[in-house]
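Structure first, then comments.
So you know, we letter chains A, B, ... as the sequences are listed, proteins then strands, and number each from 1.
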Amino acid sequence: MSSTQTQQARQFLAAVEAACADLDPAERSRLVGGLEEHLSELSADGVDLTAELGDPASYARELRSAAGLPTGSTVAVPAGLPAAGHAGAAGSGAPSPATTGGLPFGPPATAQPPRAAQPGPSTNKVLLVIGGVLAFIAVLVTAALVLGGVFFAARSDSGVVSVTPAAPAPVAVTVPDLTGQPEAQASQLLAEVGLSVVVQTASSAATAGEVLRQDPPAGASVEPGSVVRLTVSSGP
Amino acid sequence: MVTPQMLKGVLPIVVLWSLADDDAYGYAILKKLRDAGFTGVGDASVYGTLQRHHDAGFVTSYLGDGGQGPARRYYTLTPSGRLALENVRHDWHALVRAVSAVVPAAEGQIA
């Protein structure tokens, strides 16, 4: 980095750090600790730091949001949501309640402006269509959030790195034997015991629609909601 | 265009997936995602997501060759991260199937 860039990066870092001042020190150090190194990498790659990073406050907000931390005093944390950054202060003997199982993503970060401008619709009909599309996107995003939540909820509040991909489920489900059954019946059975299903087809001498194979196999003990993959005959 | 809200939902998944074949450093991941069509993704989002995956034990990092510049911090998937990837892949495809079944493929079908 040139000296100007170094100076620029230092100022930027200091401002980001200041915007994270409300975080628990250990939390802040984990989040911001590697940033200097990261900024020098960007510079080495010829990135214009000012253009790429924007203003430090927005950067810090985006950083905190992506890291699953509360986005700061400018964005209110709704009651009932754990403020992970404030819990489990360093040196405290009692571990804070874990947030496993909950969505790792906070409420929509309304303070975060979209990077690209939305095109201005010109008629009411277009507005209506866009409204419908946005409503659908909301549903889609909710689904994506839930999906992501299952697998990325393992962040630990205590500063100890967790190595489990998700909270262990309290109950196990035994996978039923589905081979030879019609697909619809197999899917219904899986739904009844609380398992998800993914179907793929394969050409086979068996009757079309008949389950040829399953994974995991019958008798396997899995977490509720796990996916069972069925290979279904598409006929000869 | 991928809206910021959509991006927020899928970012943890795509960042993890971007490491499936090769280890990569932060800016390389950012470029990869932008090239893939996530044009609105920002450096802080990718860096923050990497920290989150690191905290969760899904990725670990090491200092690698930086060519002519300084050493770069490469991120690599842990066995736990690979397991999470494999799990999320099945569920993701189930979601895509469900969404595709509802969303019309062609334009002009919304009255």
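The two residues B/Y47 and A/L31 have their closest heavy-atom pair at CE2-O, 3.6 Å. Nearest heavy-atom pair across B/R52 and A/A67 is NH1-C, 3.4 Å. Contact between A/E62 and B/A44 at its shortest, heavy atoms only, is CB-CB, 3.7 Å. Counting all heavy atoms, side chain and backbone alike, A/D45 lies closest to B/Y27 at OD2-CD2, 3.1 Å. Of all the heavy atoms in B/Y25 and A/E41, the pair that sits closest is CD1-OE1, 3.6 Å.
Heavy atoms of A/V47 lying under 4.5 Å from chain B belong exclusively to its side chain. In this structure, chain A has heavy atoms under 4.5 Å from both the backbone and the side chain of B/H90. In this structure, no portion of B/L85 lies under 4.5 Å from any heavy atom of chain A. When heavy atoms are compared at a cutoff of 4.5 Å, B/A71 approaches chain A solely by way of its backbone atoms N, CA, C and O. Within the 4.5 angstrom heavy-atom criterion, no atom of B/L50 approaches chain A.
Of the inter-residue distances, the one linking B/D43 atom CG with A/L53 atom CG reads 5.5 Å to the nearest 0.5 angstrom.
With respect to the salt-bridge test (charged N to carboxylate O, under 4.0 angstrom), the residues B/R73 and A/E37 qualify. Of the charged side-chain nitrogens involved, at least one lies within less than 4.0 Å of a carboxylate oxygen, so that B/R34 and A/E52 count as a salt-bridged pair.
Contact of the B/Q51 side chain with the A/L63 side chain is not registered, since no non-hydrogen atoms from C-beta on lie closer than 4.5 Å.
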